[in-house]
Undergrad: 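My structure is below; once you've seen it, I'll send some questions.
Numbers restart at 1 for each chain; the letters A, B, ... are given by sequence-line order, proteins then strands.
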Amino acid sequence: MPELPEVEVVRAGLEPAVTGATISSVTVLEQRSLRRHSGPSEDFVARLTGRGILGAVRRGKFLWLPLADSPAGESEALVVHLGMSGQVLLRAVGAPNDGLLRITFGLEHPQHGAVRMDFVDQRIFGSMAIDDLVPTADGLPAGLGSDAALVPAQVAHIARDPLDPAFSDSGFFAALAKRRTGIKRALLDQGLISGIGNIYADESLWAARMHFDEPTNTLGRARAKTLLAEVRLVLVRALGEGGTSFDAQYVNVNGASGYFSHSLNAYGQQGKPCPRCGRPLVRESFMNRNSHFCSFCQRMRVPATSP
DNA sequence: AGCGAGCCCTGCGCGC
DNA sequence: TGCGCGCAGGGCTCGC
């Protein structure tokens, strides 16, 4: 469950269950799910077993669980990226294993007792890793879920997401004005603004009535503001509905689906009438993926030339 | 700097 | 019923 709302649903579901819990056991069933971990699976298991979990933090599509008792004062965290098809599920001890289970943790919580935390991932684009926490560049809290200004080293290059109170709107507008690229490319660039993927990029652009390939440097401050406002609106609405689920793949920690797929205006709606103007929505190949949009409402805007 | 291509993968739904 | 194809929410690296 990839984009910000889906990852936030997972974070919020994990937070009460894992904060204060101790990892009693770790079993790695699929080595490739540790692609982002620097050591072998034995190292991963040995370093996690017996450790306490301090919370659940998210920036963009990255999730991490800060760990207690880090060696030599170095702060460490268990970093999770769901990739295209990853899930983190909380299950009763003894529940049957999912066929796509890659890594499983036994957790012991002082109040809630024993629970299992399962990392399930069909395509293995997702991964887990132990990583060092490093200070944030701006000294502000790294993401949602913790006040600590510490971010996993492998997440440090990821920009803040638009729901982060420390996200700089003016910094984002300035970066857009400086870049020579298309607006959807910019929205999908996790180093510029994080958390947005193909679904919410298309939904935001539809809401803002912008063509996906409109150049960022001629967008102008007012239209950039409109776009950012629509991005936030779409993300918040999707979060309110538990994220977007097209099938059983994208679920919360209890395995339940979100409902935002019923609210999609553009993504996956090719051939259907545009909810605004009634003309058929189209799908166009873009960046090895697809863009879904209304070719009437979202016409390429020709920037006004100075007289 | 920015971009396209390639790569990492499995499983599903569809048309034949 | 079975097979092959196209498709899928992401991100990293490389060469131009």
Undergrad: Can you list, in residue-number order, the parts of residues 179-195 of chain A that come under 4.0 Å of DNA chain C, counting heavy atoms only?
TA: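 Those residues whose heavy atoms fall under 4.0 Å from DNA chain C, taken from residues 179-195 of chain A in numerical order, are A:Q190.
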Undergrad: Quick one: stems involving DNA chain B, counted as three or more successive Watson-Crick or G-U pairs, both distances short of 3.5 Å.
TA: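 DNA chain B forms these stems: B:2-8 with C:10-16, B:10-16 with C:2-8.
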Undergrad: Could you check which of C:dC12, B:dC9, C:dA8 has an atom nearest any side-chain atom of A:I124?
TA: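 When the side chain of A:I124 is considered, B:dC9 is the closest of C:dC12, B:dC9, C:dA8.
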Undergrad: Is the closest basic N to carboxylate O distance between A:K184 and A:D202 below 4.0 Å?
TA: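 Yes, charged N to carboxylate O under 4.0 Å.
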Undergrad: Please check if the side chain of A:T49 supplies one atom and the backbone of A:S24 the other of a donor-acceptor pair under 3.5 Å.
TA: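 Absent.
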Undergrad: How many whole angstroms separate atom CG of A:N198 from atom P of C:dA8?
TA: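 Nearest whole value for this atom pair: 8 Å.
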Undergrad: Answer with yes or no whether the side chains of A:Y200 and A:T244 bring together a donor and an acceptor at under 3.5 Å.
TA: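 Per modelled atom types, A:T244 and A:Y200 side chains form a pair under 3.5 Å.
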Undergrad: So which heavy atom on A:A142 is nearest to which on A:V151, and how close?
TA: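 Closest pair (atom of A:A142, atom of A:V151, distance): CB-CB, 3.8 Å.
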Undergrad: Can you tell me how far the CG atom of A:D161 sits from the CD atom of A:E3, to the nearest 0.5 Å?
TA: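 Those atoms lie 12.5 Å apart.
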Undergrad: Is the phosphate of B:dC7, meaning OP1 or OP2, less than 4.0 Å from a side-chain N or O of A:N288?
TA: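 Answer is no, no contact under 4.0 Å.
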Undergrad: Would you tell me if any nitrogen or oxygen in the side chain of A:H157 comes within less than 4.0 Å of OP1 or OP2 on C:dC12?
TA: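 For C:dC12, OP1/OP2 do have a side-chain N/O of A:H157 under 4.0 Å.
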Undergrad: Between the base of C:dA8 and the side chain of A:R289, is there a donor-acceptor distance below 3.5 Å?
TA: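 Counting by modelled atom types and ignoring angles, no donor-acceptor contact under 3.5 Å is found here.
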Undergrad: Counting heavy atoms from C-beta on, name the nucleotide in C:dA8, C:dG10, C:dC12 closest to the side chain of A:N290.
TA: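 Nearest to the side chain of A:N290 among the choices is C:dA8.
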Undergrad: Could you give the CD-to-P distance, from A:Q269 to C:dA8, as a whole number of Å?
TA: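 One finds 14 Å between P of C:dA8 and CD of A:Q269, rounded.
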Undergrad: Give a yes/no verdict on a cation-pi contact between A:R276 and A:W206, requiring under 6.0 Å between NZ or CZ and the six-membered ring centre and an angle within 45° of the axis.
TA: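 Yes; both conditions hold, so A:R276 lies above the ring face of A:W206.
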Undergrad: If you look at every heavy atom in A:R232 and A:P162, which pair is closest and at what distance?
TA: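 Shortest heavy-atom contact: NE-O, 2.7 Å.
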Undergrad: Using a 4.0 Å heavy-atom cut-off, does A:D121 contact any base of the nucleic acid, only the sugar-phosphate backbone, or nothing at all?
TA: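 Nothing, no heavy atom under 4.0 Å.
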Undergrad: Can you check whether A:R32 has a side-chain N or O nearer than 4.0 Å to OP1 or OP2 of B:dT10?
TA: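 For A:R32, the contact criterion (side-chain N or O under 4.0 Å from OP1 or OP2 of B:dT10) is met.
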Undergrad: Please determine if A:R299 forms a cation-pi arrangement with A:F296, meaning its NZ or CZ atom is less than 6.0 Å from the six-membered ring centre and no more than 45° off the ring axis.
TA: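 Yes.
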Undergrad: Indicate whether A:F125 forms a stack on C:dG11; treat it as stacked only if centroid distance is below 5.5 angstrom and interplanar angle below 30 degrees.
TA: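 No, A:F125 does not stack on the base of C:dG11.
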Undergrad: Can you tell me how far C1' of C:dG10 sits from CD of A:E6, to the nearest Å?
TA: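 The distance from CD of A:E6 to C1' of C:dG10 comes to 12 Å, rounded to the nearest Å.
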Undergrad: Calculate the interatomic distance between A:L82 atom CG and B:dC8 atom C1'; express it in whole Å.
TA: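 Going from A:L82 (CG) to B:dC8 (C1'), I get 16 Å.
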Undergrad: I'd like to know whether CZ of A:R47 has more than 12 heavy-atom contacts from other residues, nucleotides or ligands below 6.0 angstrom.
TA: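 Yes, enclosed.
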Undergrad: So what does A:Y267 touch, heavy atoms closer than 4.0 Å: a base, only the sugar-phosphate, or nothing?
TA: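 Counting heavy atoms under 4.0 Å across all strands, the contact made by A:Y267 is with sugar-phosphate only.
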Undergrad: For A:N217 and B:dA1, give me the distance from atom CG to atom P, rounded to whole Å.
TA: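 Answer to the nearest Å: 16 Å.
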Undergrad: Where is the tightest heavy-atom contact between A:A129 and A:Q154, given as atom of each residue plus distance?
TA: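 Closest pair (atom of A:A129, atom of A:Q154, distance): CB-NE2, 3.9 Å.
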Undergrad: Nearest to the A:H81 side chain among C:dG10, B:dG6, B:dC9, which nucleotide is it?
TA: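 Minimum distance to the A:H81 side chain belongs to C:dG10.
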Undergrad: Please report, rounded to the nearest Å, how far the C1' atom of B:dA1 is from the CG atom of A:L176.
TA: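 After rounding, the reported distance stands at 15 Å.
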Undergrad: Using a cut-off of 4.0 Å on non-hydrogen atoms, how would the nucleic acid contact of A:R35 be classed: base, sugar-phosphate, or nothing?
TA: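 Touches sugar-phosphate only.
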Undergrad: B:dC3 P sits how many Å from A:M287 CE, rounded?
TA: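 That distance rounds to 8 Å.
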Undergrad: What is the separation between atom CD on A:Q122 and atom P on C:dC7, rounded to the nearest whole Å?
TA: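 In whole Å, C:dC7 P and A:Q122 CD are 17 Å from each other.
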